[in-house]
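Data first, discussion second: the structure below is written as structure tokens.
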Amino acid sequence: MATISTAADGKTWLTCIKRSDRLEVGECCPRQVYVELQIPKLSRSVRKVTIYTLSHDQGWSDNQDRYGGTYENSYTFFDLAVITPMCHERIWSFTFQKNMHASSVPHRHENVWDTESSDEAGSAWLQSVQGGDTVQVFPMAMLQLWTNYVYEVEIVVEGDFEIPETSLASEAAYGSMIEKPSFYRPLQESRRQTRLLSLHAGTFEEPIICSIMTVSLDDAGHDKYDALSYCWGDTHVDKIIQLQSTTHIPGNETPTYEIPITLNLYEALRHLRPENGLPRMLWVDAVCIDQENFGERSQQVALMPIIYAEAARVVVWLGVNTGSPVRRECFSALQAIQERLQIRQGTSVTYASQELEQQEADVINAAIPNMVDYTIQWNLCDFDWFKRTWVLQEISNARTATFRCGFDEVAWPVVSSVIRLLQAEKLGSALVQAASQPANVLRSAIVPSIWFSILRLGSDNQVPRVEASSDGILEILIKAHSLKATDLRDKLFALLQFGKETRDVAKLPAIISVDYSKPTIDVFTDFVRWWICTHRSLRILSAVHTLKGRGWQKMGYVEPPGLGALEYPSWCFWPVGDDRIANATLGLAMEAPYRAGGSTVPDIELINSPRVAINPRILQVGGYRLCSIAHIAPLPFWALPDEPNELKDAFMRVFDPASYRRFVMPDQNGQDMAKLNEGIQEFLARHYTYHTRGFKGRIPYVPCLSPCYFATNDPNDERHGLCPHNARAGDIIVMLCGGPVLYLLREANSEGEDEKGSMETAMKDRRFNFVGECFLQGYMNGKMLIDVEEKGLEREIFNLM
């Protein structure tokens, strides 16, 4: 349990947590948090972090005569990560402590990062930490037979409190701070009107002066403009621009208004404005849209594909490069590639597409000889733009695009080609080779994996183009877990155009159309209802296992909140999770091998029943109750028979005991899976070997995996199956009509819930929280329907909360 203390003046705080459980970690163990500590939400800054570790390695190695007693060539260590409340890495995780090489004696180490220390570079990451973030420590091991024996880890963090006087807490809040007596005039939706920002000329240090004009995108002769694609950045108001009114009264001075904008946008405008001559016309969402007007915001967001398509070009602002040698180095490599490609393209020789692709690879490899090192350097650049949700829509609709970092500039084809080649290099790594790479390289790429599902990448695409993907909107949203958004509603609204069934955004029903007047919860509960009705399936319910804290395998130290304490209904898809565990489910994939519900379909009238209109956060579904869980234990994997076993196959699917997913990308297209699968059994045996030599000795299960093996409560017909880590004894096993797998429900606790009316009161006795999927031996391919007929089981209506 974490403790927190506050200074007498209330300005500073100290919080700490200690865990003292013995743990052994090998190369194939899941990357699990050993201990974590949340920064106080009202923190202004973090001044000091201290981490104490007590641990040792396996006590021997082939090179212990040479390196024993030192920290050289040590392959057991600890990683540190800082995670945002939205499940994204605030900083790129890094190794902060190695164990002493080939020593079986526990050693205590102290690591301190202090903003007042002389090691400014080593402590620079502290400046990025924000209130509500979580500091996590991961015990790690790399290479065969190296084992990290952990006894204790303690985290101590110190910082300062401050409630900002002025904060852009969200993009929506930003609009409320803009003084807008005259320049935000109503836009005519029927004429597809929008506003443009006229950026007046000036020197780099002069104040930024601009004005706003209204144009109709239906007018073929409208002013030419560039559309800016950027990240809002720190939402504290740091900079002011001057906005001149376009309304001038003779004899009076032109009214000028001071407009607060984020620092990142201010730097973009400073670098993009002309030094002299005519103003530069830009479309910039933060100023061109009245962010406080939800109706206009919804209308303009729906228009954004056209706004970016109509722009002469899209200018991508990655940030400044002053004070960042790593950014300058990475961008210099891109510029060198651009120069060499331009020289080759300038010749009169005609090449076949394969020859051009090889030439491109040669040029890139000459500028970037080590792809792994460049990936590490690129991630250290902290280019948040590539992780922003809206950029996929902005870049995919562009006629052409250019990337700016400070005053340096490269064109889209160069960035596209480097991204594609780096991905190909990573996909080409064999399983064993990948095991020797740093874990953060294996888990990261130069861009999130969703890019490869949506955009065509490579030199043959001189302008951004959308990939002809067969992914539905659900698959797109799951992959988008890796993307960031200030407003969670954007995680749906910005991606609708990429789903195969939602591409024609203008024709979508109102229930999932862009509407910023709807609360976030209603946006996603409506989406789930629409998806179920459109696809006649409950497959979407399996997506809860991609959400924060709800995977099959427990990945954190702290127990996740109870199902009744979630910020969203327990059955609802929520845009905060991890796309890398999407494959670790039973029924989420369209090609999943299970048909527990046979040919049944959801009752659409029940899904949309007016009985629950009084509380749309209830989902009514029909199905059959089978039994409940009596007790849960670790799966005795090594005691199971060697012959084919569907329970064993399901275990391998969701828990990945060979840990092969550490070494492959979430989207497996293009990977040599046959070659990877050859190594699974070897890694599985190696994984077991670590634990049989460790604290627990010879046991029939893998102790680093969550207990998941349950027995049912019927003593005359005891059955066995698998359940996720948050299942409990007493959970009910049900077959829901339209569901490909079986599910677990838990009686909901109505304590503290408001009365919503007589209808909901009548349903209170039959309310359930949705736990998730489950596997029951012999019941995953329609046997439940046979039981329904033979035993006369009655169909029930389950009200999911």
### Query
Does the separation of the ring centres of Tyr230 and Trp385 fall below 6.0 angstrom?
no
#### Entry: Approximate separation, where rounding is to 0.5 Å, of Leu14 CG and Ser5 OG
4.5 Å
### Query
Which heavy-atom pair separates Val153 from Ile51 by the least distance, and what is that distance?
CG1-CG2, 4.1 Å
### Task
Determine, stepwise, if the pair Glu394 / Arg388 fulfils side chain to side chain contact (heavy atoms under 4.5 Å, CB included).
CA-CA 11 Å; Glu394 294 164 1; Arg388 179 172 166 260; 3.1 Å; yes
### Side-chain heavy-atom pair Leu477, Phe527 within 4.5 angstrom cut-off
yes
### Message
Below 30° counts as parallel, above 60° as perpendicular, anything between as tilted: where do the rings of Phe493 and Tyr516 land?
### Response
perpendicular
### Among Trp113, Phe138, Phe77, the one residue meeting ring pair (Phe, Tyr, Trp, His ring centres under 6.0 Å) with Phe96
Trp113
### Message
Checking side-chain hydrogen bond (donor to acceptor under 3.5 Å, both in side chains) between Asn99 and each of Thr147, Thr53, Asp57, Thr76, which is the one that passes?
### Response
Thr76
### Query
Quick one: does Gln38's side chain have a donor or acceptor within less than 3.5 Å of a partner on Gly132's backbone?
yes
### Message
Looking at Glu116, I want to see if its CD is surrounded by more than 12 non-hydrogen atoms of other residues, nucleotides or ligands under 6.0 Å.
### Response
no
### Query
Is it true that the side chains of Ser453 and Lys479 contain a donor and an acceptor less than 3.5 Å apart?
yes
### Message
Between Val25 and Cys704, is there a side-chain heavy-atom distance shorter than 4.5 Å?
### Response
no
### Query
Is it the case that His481 and Thr546 place a side-chain donor and acceptor less than 3.5 Å from each other?
yes
### Query
Do His545 and Pro724 touch side chain to side chain, with heavy atoms closer than 4.5 Å?
yes
### Query
Is there a ring pair (Phe, Tyr, Trp, His ring centres under 6.0 Å) between Trp378 and Phe331 once you walk through the steps?
CA-CA 9 Å; Trp378 183 271; Phe331 228 73; 7.5 Å; no
### Message
Nearest 0.5 Å, please: how far is CH2 in Trp390 from CG in Leu392?
### Response
11.0 Å
### Task
Would you check if Asn148 and Phe78 make a side-chain contact, meaning some heavy-atom pair closer than 4.5 Å?
yes
### Intermediate values then yes/no, side chain to side chain contact (heavy atoms under 4.5 Å, CB included), Thr6 and Thr12
CA-CA 6 Å; Thr6 304; Thr12 64; over 6 Å; no
### Task
Calculate, to the nearest 0.5 Å, the distance between atoms CG and SG belonging to Leu318 and Cys381 respectively.
9.5 Å
### Message
As an exercise, state the distance from CH2 of Trp13 to CD of Glu158, rounded to the nearest 0.5 Å.
### Response
8.5 Å
### Message
Is the shortest side-chain heavy-atom distance between Ser20 and Tyr151 below 4.5 Å?
### Response
no
### Query
Do Ile39 and Val157 touch side chain to side chain, with heavy atoms closer than 4.5 Å?
yes
### Query
Looking at side-chain heavy atoms only, is the closest gap between Leu588 and Leu474 below 4.5 Å?
yes
### Query
Does any non-hydrogen side-chain atom of Lys387 lie less than 4.5 Å from one of Pro448?
yes
### Query
Looking at Trp146, Tyr75, Tyr71, which hits ring pair (Phe, Tyr, Trp, His ring centres under 6.0 Å) with His101?
Trp146
#### Entry: Lys/Arg cation over aromatic Tyr34: Arg19, 6.0 Å, 45° cone
yes
### Task
Could you walk me through whether Val33 and Val137 pass side chain to side chain contact (heavy atoms under 4.5 Å, CB included), step by step?
CA-CA 6 Å; Val33 177; Val137 174; over 6 Å; no
### Query
Less than 6.0 Å separating the ring centroids of Phe407 and His271?
yes
### Query
Is there a side chain to side chain contact (heavy atoms under 4.5 Å, CB included) between Leu80 and Trp125 once you walk through the steps?
CA-CA 11 Å; Leu80 182 147; Trp125 64 273; 4.1 Å; yes
